[in-house]
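Here's the structure, in structure tokens; my notes come after.
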Amino acid sequence: MATRNSPAKSAVLELVRIRQSLAAWYRRARRDLPWRHTRDPYAIWVSEIMLQQTRVDTVIPRYGRWLARFPTVKALAKAPLDDVLAEWAGLGYYARARHLHRAACEVVEQYGGELPADVAAVRALPGVGRYTAGAILSLAFGQREPILDGNVIRVLTRLHAIDEDPHASPTQERLWALAAELVADGDPSEINQGLMELGATVCTPRRPACTACPLARQCRAHATGRSETLPAPSRPTRVVAVEQVSVALVRDDKILLARRPPTGLWGGLFELPTDERRPGESLDTAVRRVAEERVGLRFDSWQPLPVFHHVLSHRRMTFHGAYASVDRGPVRRRGYDAHRWVTLEAARSLGISRAMDRLLSKLP
DNA sequence: AAGACGGGGAT
DNA sequence: ATCCCAGTCTT
């Protein structure tokens, strides 16, 4: 028989206290966010995909717009991918939109348009990883599935004063186990959202508000003055500089847009014919080469557009834009799978990247 | 285990 | 300039 103060028993009591403090704090301090007004699994799913690596403030105006345009899984599945990407335009990580569309088709075909309340089935959908499956199952269906995202990693590494790299496999498994232990009792939706909310508003990357934290008394990092130094920083990704050359080809007051291949960077989005500038290549040579090689068009003279920089997580791009009138003649695509002659107005409502939107805004 | 994959806001 | 965000997929 365990004694009253055995380690095992005090650990269990501590867990109970953490759950209760967290849930009570969450009920009191939670922000009023659009996706917290629904239990529609599809709406929760959409919000979780949009929120991947994307700030709440960025998602808020896009979430409602998305649901107005694609109100149900069936509506999304029925829409052409071009429309889906156009609606996603500007949000980044476009594989999320391609996967969401494909997953919607699968849900219609396999489950009649209703997201199954089964973690393995949801996890098997394209674009749904371990985190998103846990979030959908716990928030939409109230199941005891853990979640581990950037916020929860920060909260748990501090709570347990974990020094190891949180992205290393062994630490990942330990963190998932800790997250699972928290939802083993109580309300999994409140506990999971409480963990994320705490990480987003109190247990922040810099200058955490420990005096306002419901878990401060149980926090090992706080007790040892390490709240600001945990979690261990991850290794930064290398950013490569590249020069891009884009040509705006004009004919009858319309410009030529071409669709990128369905995968890879900006996959499935439209753009002005673009290619990397080669080492040592003059701008004039590059501009003419891009038009000739990528869409099979030539011109006599061209005008430069203002140069600008566009930064991605792994690239620092310098865009050199050119503007030229072209005569009649067939478009011969290379490396694109579709093209359209459109007005500038129509071009900006196609699925285009932020970089391309910036480029189009510089046209005369 | 590491890299690809966007964009923006905070410091 | 640096960090990093309600991550997933590929290699």
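Every heavy atom of this structure was used, including side-chain atoms; hydrogens, water molecules and symmetry mates were not. So that the names make sense, note that chain A is the first sequence line, chain B the second, and so on, each numbered from 1. Values in this document were obtained by computation on a predicted structure and should not be read as measured data.
Pairing analysis of DNA chain C (Watson-Crick: purine N1 to pyrimidine N3 plus N6-O4 or O6-N4; G-U wobble: N1-O2 and O6-N3; both under 3.5 Å) yields stems of 3 or more pairs at B:1-5 with C:7-11, B:7-11 with C:1-5.
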Which pairs, protein N/O on one side and nucleotides 9-11 of chain B N/O on the other, fall under 3.5 Å?
none

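Among the heavy atoms of the strands, none lies under 4.0 Å from A:Ile49. Among the heavy atoms of the strands lying under 4.0 Å from A:Ser353 are primed sugar atoms or P, OP1, OP2 only; no base atom is included. If you check every strand for non-hydrogen atoms under 4.0 Å, A:Arg130 touches sugar and phosphate atoms only. Among the atoms of the strands shown, only primed sugar atoms or phosphate atoms (P, OP1, OP2) are found under 4.0 Å from some heavy atom of A:Gly90.
One P atom belongs to B:dC5, the other to C:dA6, and the distance between them is 23 Å to the nearest Å. Comparing C:dT10 with B:dG6, their P atoms are spaced 14 Å from each other, to the whole Å.
Rounding to whole angstrom units, CG of residue A:Leu100 and C1' of B:dG6 are separated by 17 Å. Going from atom CG of A:Leu265 over to atom C1' of B:dG3 covers 14 Å, rounded to whole Å. The nearest whole Å value for the distance from the CZ atom in A:Arg96 to the P atom in B:dA4 is 18 Å. With rounding to whole Å, A:Arg316 atom CZ is found 19 Å from B:dG6 atom P. Distance A:Met356 CE to B:dG6 P: 13 Å, rounded to the nearest Å. Atom-to-atom, CD of A:Gln52 to P of B:dG6 comes out at 13 Å; the value is rounded to the nearest Å. Per the geometry, OH belonging to A:Tyr93 stands 5 Å off C1' belonging to B:dC5, to the nearest Å.
Residue A:His167 is the one, among A:His167 and A:Ala95, whose nearest nucleotide of DNA chain B lies closer to the 5' end (criterion: closest heavy atom). Taking for each of A:Gln53 and A:Ser234 the nucleotide of DNA chain C with the nearest heavy atom, the 5'-most of the two is the partner of A:Ser234. Across the interface with DNA chain C, nearest-nucleotide mapping of A:Val56 and A:Pro126 shows A:Val56 to be the residue nearer the 5′ end. Mapping A:Ser169 and A:Ala355 onto DNA chain B by nearest heavy atom places A:Ser169 at the nucleotide closer to the 5' end.
Counted by atom type alone, A:Tyr131 and A:Glu48 present one or more donor-acceptor pairs between their side chains at under 3.5 Å.
Taking every nucleotide of DNA chain C with any atom under 4.0 Å from a non-hydrogen atom of chain A, the first and last of them, 5' to 3', are C:dC3 to C:dC9.
The shortest side-chain heavy-atom distance between A:Arg36 and A:Arg30 falls under the 4.5 Å cut-off. Contact of the A:Ile352 side chain with the A:Leu269 side chain is not registered, since no non-hydrogen atoms from C-beta on lie closer than 4.5 Å. Contact annotation: the side chain of A:Val122 never approaches that of A:Val119 to less than 4.5 Å [non-hydrogen atoms, C-beta and beyond].
Grouping Ile, Leu, Val, Met, Phe, Trp and Tyr residues whose side-chain heavy atoms lie under 4.5 Å apart, directly or via other members, places A:Ile44 in a hydrophobic cluster with A:Leu139.
Here A:His314 does not reach the OP1 or OP2 of B:dG6: none of its side-chain N or O atoms lies under 4.0 Å away. Contact annotation: A:Arg315 side-chain N/O to B:dG6 OP1/OP2 distance is not under 4.0 Å. For the OP1/OP2 pair of B:dG7 and a distance below 4.0 Å, the side-chain nitrogens and oxygens of A:Ser313 include no atom meeting the criterion. Taking side-chain N and O atoms only, A:Trp88 has no distance below 4.0 Å to OP1 or OP2 of B:dG7.
Within the 6.0 Å centre-distance limit, the rings of A:Trp35 and A:Tyr63 are counted as a close aromatic pair.
Within a 6.0 Å sphere centred on CZ of A:Arg69, other residues, nucleotides and ligands contribute more than 12 heavy atoms. In A:Arg217, the CZ atom is not crowded: 12 or fewer heavy atoms of neighbouring residues, nucleotides or ligands sit closer than 6.0 Å. The number of heavy atoms from other shown groups lying within 6.0 Å of NZ (A:Lys362) is above 12. No more than 12 heavy atoms of other residues, nucleotides or ligands sit less than 6.0 Å from atom CZ of A:Arg238. In this structure, A:Glu164 places its CD atom where more than 12 heavy-atom neighbours from other residues, nucleotides or ligands lie under 6.0 Å away.
Between the CD atom of A:Glu87 and the CH2 atom of A:Trp66 there is a distance of 6.5 Å, given to the nearest 0.5 Å.
Geometrically, A:Arg294 engages A:Tyr336 in a cation-pi contact defined by less than 6.0 Å to the ring centre and at most 45° from the axis.
Shown here are the ring pair (Phe, Tyr, Trp, His ring centres under 6.0 Å) partners of A:Trp45, two or more places apart in sequence or in another chain: there are none.
For the contact set between residues 132-163 of chain A and DNA chain C, defined by any heavy atom under 4.0 Å, the members are A:Thr132, A:Asp149, A:Gly150, A:Asn151, A:Arg154.
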- Item | Derivation and outcome, side-chain contact (heavy atoms from CB on, under 4.5 Å), residues A:Tyr94 and A:Trp88 | CA-CA 7 Å; A:Tyr94 297 92; A:Trp88 197 269; 3.5 Å; yes
